[in-house]
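Every heavy atom of this structure was used, including side-chain atoms; hydrogens, water molecules and symmetry mates were not.
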Amino acid sequence: QTLVGGNYELLNKNTTDPNPDYYTAVLFKRLMGQKFLEVKTNVSDDFRAYAACSNPQAAGPGSVTVAFLNINNSTSYNVTISGLSGSQADREEFHLSSGDDGNLHSGSIKLNDKLLQLENGKLPDLSGVHQAGESTITVKPLTYGYVLLKNANASVCTKK
């Protein structure tokens with residue numbers, strides 16, 4: 001990963017606009033904390049999940065952020081998070097996908113189906129979509145992202 005130049009530059013070397021990896025890195029830093037948790041899935045070999053105590057600036061003590069990745073190019077997965085004492089139904093979802101549907105080499109990216117672009121030289125709104133009541137998370141093909149569980153009450157995430 002390089003800031004500018006190379007195959008995985010965060011900023012486009014010609015325009016200095018953020019490339020898709022930049023937005024991914026910003027969200028990772030905002031949401032994921034430093035204490036990682038064990039995750040077990042029974043979804044598919046094409047689905048990956050990782051969890052960490054949330055960044056304290058993203059949510060309060062006991063909150064958990066789950067990072068997910070669906071590398072299947074045609075199958076959506078319905079995922080339910082369990083094993084936490086608090087609520088998984090009240091959450092914020094951040095689904096990232098190619099800016100050019102299905103083109104994994106796209107120079108653009110969407111957050112919750114909205115194309116991310118600089119707005120007057122400033123980063124766009126990177127807020128997630130609030131979900132309440134429904135416990136199933138639908139992960140579309142060739143997408144990745146984060147789920148912020150503010151009310152997870154994970155005891156391991158309340159200790160320093």
Side-chain angles (χ1 to χ4, degrees), residues 1-2 6-10 18-56 58-60 62-117 124-158:
Q1 193 88 53
T2 59
N7 292 327
Y8 299 101
E9 61 193 8
L10 294 175
N19 281 325
D21 283 354
Y22 181 86
Y23 294 108
T24 301
V26 168
L27 284 170
F28 183 92
K29 179 76 173 163
R30 285 184 184 177
L31 298 171
M32 301 290 278
Q34 295 183 357
K35 185 182 287 187
F36 280 78
L37 311 171
E38 181 180 11
V39 174
K40 295 178 183 174
T41 66
N42 60 359
V43 178
S44 165
D45 289 342
D46 293 336
F47 183 83
R48 313 281 193 285
Y50 309 89
C53 298
S54 299
N55 181 331
S63 63
V64 171
T65 299
V66 176
F68 60 84
L69 171 69
N70 179 0
I71 60 173
N72 191 294
N73 63 4
S74 61
T75 303
S76 292
Y77 294 110
N78 293 318
V79 178
T80 302
I81 298 172
S82 61
L84 298 168
S85 62
S87 171
Q88 291 86 56
D90 185 27
R91 64 186 182 274
E92 202 169 342
E93 295 183 17
F94 303 79
H95 293 261
L96 295 152
S97 59
S98 169
D100 302 324
D101 292 335
N103 178 5
L104 297 182
H105 299 286
S106 174
S108 59
I109 191 169
K110 293 178 183 175
L111 173 62
N112 298 320
D113 294 324
K114 181 182 176 205
L115 188 64
L116 296 178
Q117 301 178 67
D125 179 26
L126 297 177
S127 298
V129 173
H130 183 260
Q131 301 288 347
E134 177 60 45
S135 61
T136 301
I137 301 162
T138 300
V139 182
K140 294 178 184 175
L142 300 176
T143 63
Y144 63 101
Y146 307 94
V147 177
L148 175 59
L149 303 164
K150 292 183 178 182
N151 300 315
N153 295 331
S155 60
V156 69
C157 296
T158 60

Please tell me whether Ser97 and Tyr144 have a donor and an acceptor in their side chains that are separated by less than 3.5 angstrom.
no
Centroid-to-centroid, His95 to Tyr146, below 6.0 Å?
no
Any ion pair linking Lys140 and Asp113 (charged N to carboxylate O, less than 4.0 Å)?
yes
Picking from Val147, Leu96, Thr41, what satisfies side chain to side chain contact (heavy atoms under 4.5 Å, CB included) with Phe68?
Val147
Does any non-hydrogen side-chain atom of Leu148 lie less than 4.5 Å from one of Leu31?
yes
Tell me every residue that passes side chain to side chain donor-acceptor pair (under 3.5 Å) with Ser54, counting only those two or more places apart in sequence or in another chain.
Ser63, Thr65
Do Asp125 and Ser127 have a side chain donor and acceptor closer than 3.5 Å?
yes
Looking at Thr75, is its backbone amide N or carbonyl O close enough to the side chain of Asn72 to form a donor-acceptor pair, meaning the two atoms are under 3.5 Å apart?
yes
For Tyr77, side chain to side chain donor-acceptor pair (under 3.5 Å) partners two or more places apart
Ser44
Holding to side chain to side chain donor-acceptor pair (under 3.5 Å), I want the full list of residues that pass it with Asn78, two or more places apart in sequence or in another chain.
Thr138
Donor-acceptor under 3.5 Å (Lys35 side chain, Val156 main chain)
yes
Between Thr80 and Ile137, is there a side-chain heavy-atom distance shorter than 4.5 Å?
no
